Amino acid sequence: MSELPKARVATTSLAGCFGCHMAILDMDERLIDLMSHVEIDRSPLTDIKRFTRRCDIGIIEGGCCNEENVHVLQDFRKNCDVLIGIGQCAIMGGLPAMRNAIMHSDEPLRECLEEAYITGRNIRNKTHNVPNDPALPLLLDQVYPCSQVVKMDVQIPGCAPEGDLIYDTLAKLLAGRFRGFEPDRVRFD
Amino acid sequence: MSGFTFTIDGAEISAEEGQTIMEAADAAGVYIPRLCDHEGLRHQGGCRVCTVKANGRSASSCTEPAAPGLAVESETPHINKLRRDLVEMLFHEGNHLCPICEASGNCELQAMAYRLDMTEPTKFPYLEPCRAVDASHPDIALDTNRCISCGRCIRASQDVDGKGIFGYVGRGIHRHVAVNAPALSDTDATVADFAISPEVCPVGCIIRKRQGFERPIGEREFDKAVIGAEIERKRDE
Ligand code: SF4
Ligand code: SF4
Ligand code: SF4
Ligand code: FES
């Protein structure tokens, strides 16, 4: 890494479990080194909710399962030079995409929600309703990988990717030396 | 039997009459990617992941005989791209959620994706088929959402176990592997069958109950080495 001005980084969790953000923290003490080269803008780590200005790198965890995810992802694409997807959820939908394969009926979303909230065997939902608070973002028909919504520049595989892999990839990107992953370091889990 | 030589990517390989390109390559410590071929089973030549160019013509190296003077190309960017496309299509044809799969870390399809540099399985549409799990058998479950139709279980059951528990049904893109009975519990399958052993199914489709996630992350087969490393090690020795 060089003595250039600090890179501005934003992060977000879409349809993910926050495991990938935990994996970012898994960089351990190297975070201190990394923080001397980057500044964090909009991110759950800083609790900044809107971009304060344009960022060099946007890090996306999770795919798109509702309309809010799509809006946030588009906002990241608009405000970041390089978009990095981390984890299988961002790359191919991940565990939330399990619902895609059961959705072959005429009204798949209704069936899915009814089973989850009303008819499923072990459900204790006293209201017998599917949650419909207007504050809840509308669900999409399926869960989409980020790259089906916007152009993604780099995607770091794993569930979650190892802290080492995230660190090495970010360090190489900041130094302009990223040339893909070594096969023995790629993991889909 | 008379021996002869041919070349793979310019390196001289010795072979015996009757050996396939892949068998000769294995013996010489040159790994050619493969999914449907497995030691101890008859060759099927179905998955085409082992495709090479033999004297400029595409051939599946697990079925193509080695021949004196044959010039084989294997590790070229073009051929590896074809192999990667095949592996990608297998991911998109079934439902592969590695993070929750018992086979993860020991799975040949996943390991092949790593080896062939498939980090973004997003070029083709996901077919997301709807396939029921057959958990009827007390000791074995079948989750064909992960089946790649390699036919290894079919050949193992038929040729080694002498049972014929599995078979292909349907044609074209609808062809898939099924049990030769209404459900697995209606067959005489047991966990002692070669067809049910962990080495036969390359993915996480044939599951031995109560044995899932036995090896922790870091100690699984392909955590330690890239697929094919075992064969390539022979070359260094
Ligand atoms: S990839 Fe895994 S760790 Fe990351 S958000 Fe998805 S489920 Fe969580
Ligand atoms: S069978 Fe292999 S590729 Fe498919 S989900 Fe399981 S580990 Fe992944
Ligand atoms: S069940 Fe396993 S061994 Fe049998 S065809 Fe499918 S992937 Fe191959
Ligand atoms: S390994 Fe040769 S065709 Fe499958």
Side-chain angles (χ1 to χ4, degrees), chain A residues 16-17 19-20 23 63-64 83-105 108 111-112 141-162 164-165 169 178-189, chain B residues 31 33 75 80 84 87-88 91-107 109-133 143-146 203-204 213 215-218 220 222-229 232:
Chain A
C17 75
C20 285
C64 291
L83 263 200
I84 306 177
I86 54 171
Q88 294 309 101
C89 292
I91 296 177
M92 47 74 71
L95 302 196
M98 284 179 84
R99 84 161 147 103
N100 295 0
I102 55 169
M103 303 188 72
H104 288 269
S105 71
E111 255 181 47
C112 181
D141 62 335
Q142 351 184 342
V143 178
Y144 293 90
C146 291
S147 61
Q148 281 188 18
V149 178
V150 298
K151 180 181 181 297
M152 300 298 289
D153 300 301
V154 178
Q155 308 199 65
I156 308 178
C159 177
E162 283 185 4
D164 288 348
L165 188 64
T169 309
F178 178 71
R179 304 275 178 279
F181 302 100
E182 299 293 318
D184 61 346
R185 299 192 64 190
V186 177
R187 296 285 178 270
F188 294 164
D189 64 3
Chain B
Y31 179 74
E75 287 292 319
N80 275 331
R84 183 166 63 244
V87 169
E88 270 185 31
F91 270 87
H92 285 250
E93 189 264 346
N95 293 310
H96 292 276
L97 287 156
C98 297
I100 52 145
C101 178
E102 287 93 325
S104 194
N106 302 306
C107 167
L109 177 67
Q110 184 191 61
M112 202 59 78
Y114 298 165
R115 181 176 174 113
L116 296 173
D117 197 21
M118 186 196 102
T119 51
E120 301 176 12
T122 52
K123 195 175 60 180
F124 304 110
Y126 286 98
L127 298 190
E128 286 157 350
C130 193
R131 299 179 189 152
V133 173
D143 185 348
T144 50
N145 287 290
R146 304 164 185 154
V203 292
F213 303 103
R215 277 193 274 174
I217 290 179
R220 304 165 305 179
F222 302 115
D223 285 336
K224 293 182 234 155
V226 173
I227 192 167
E232 284 166 341

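If you're wondering where the values come from, they're calculated on a predicted model, not measured in any experiment. In the text below, chain A, chain B and the rest are named by the order of the sequence lines, each starting its count at 1.
- Checked against B/E128 for a side chain to side chain contact (heavy atoms under 4.5 Å, CB included), the options A/M98, A/R99, A/Q142 give a single hit: A/Q142.
- A donor-acceptor pair under 3.5 Å is formed between the side chain of A/R187 and the backbone N or O of B/D223.
- Here the shortest heavy-atom pairing between B/R115 and A/P183 reads CA-CB, 4.1 Å.
- Going from atom CG of A/N100 over to atom CG of B/N95 covers 9.0 Å, rounded to the nearest 0.5 Å.
- For B/N145, no part lies near chain A; criterion is any non-hydrogen pair under 4.5 Å.
- Ranked by heavy-atom pairs under 4.5 Å with chain A, the first of B/D117, B/V226, B/L97, B/L116 is B/L97.
- Under a cut-off of 6.0 angstrom, the local environment of CD in A/E182 is sparse, with at most 12 non-hydrogen atoms contributed by other residues, nucleotides or ligands.
- We find the OG1-CD1 distance between B/T119 and A/I156 to be 10.5 Å, quoted to the nearest 0.5 Å.
- Taking both residues in full, the closest heavy atoms of A/M92 and B/Y126 are given as CB-OH, 3.0 Å, listed atom of the first, atom of the second, then distance.
- For the options B/I227, B/I100, B/I217, heavy-atom pairs under 4.5 Å to chain A are most numerous at B/I100.
- Note: B/Y114 and A/F181 fail the aromatic proximity criterion, with ring centroids not under 6.0 Å apart.
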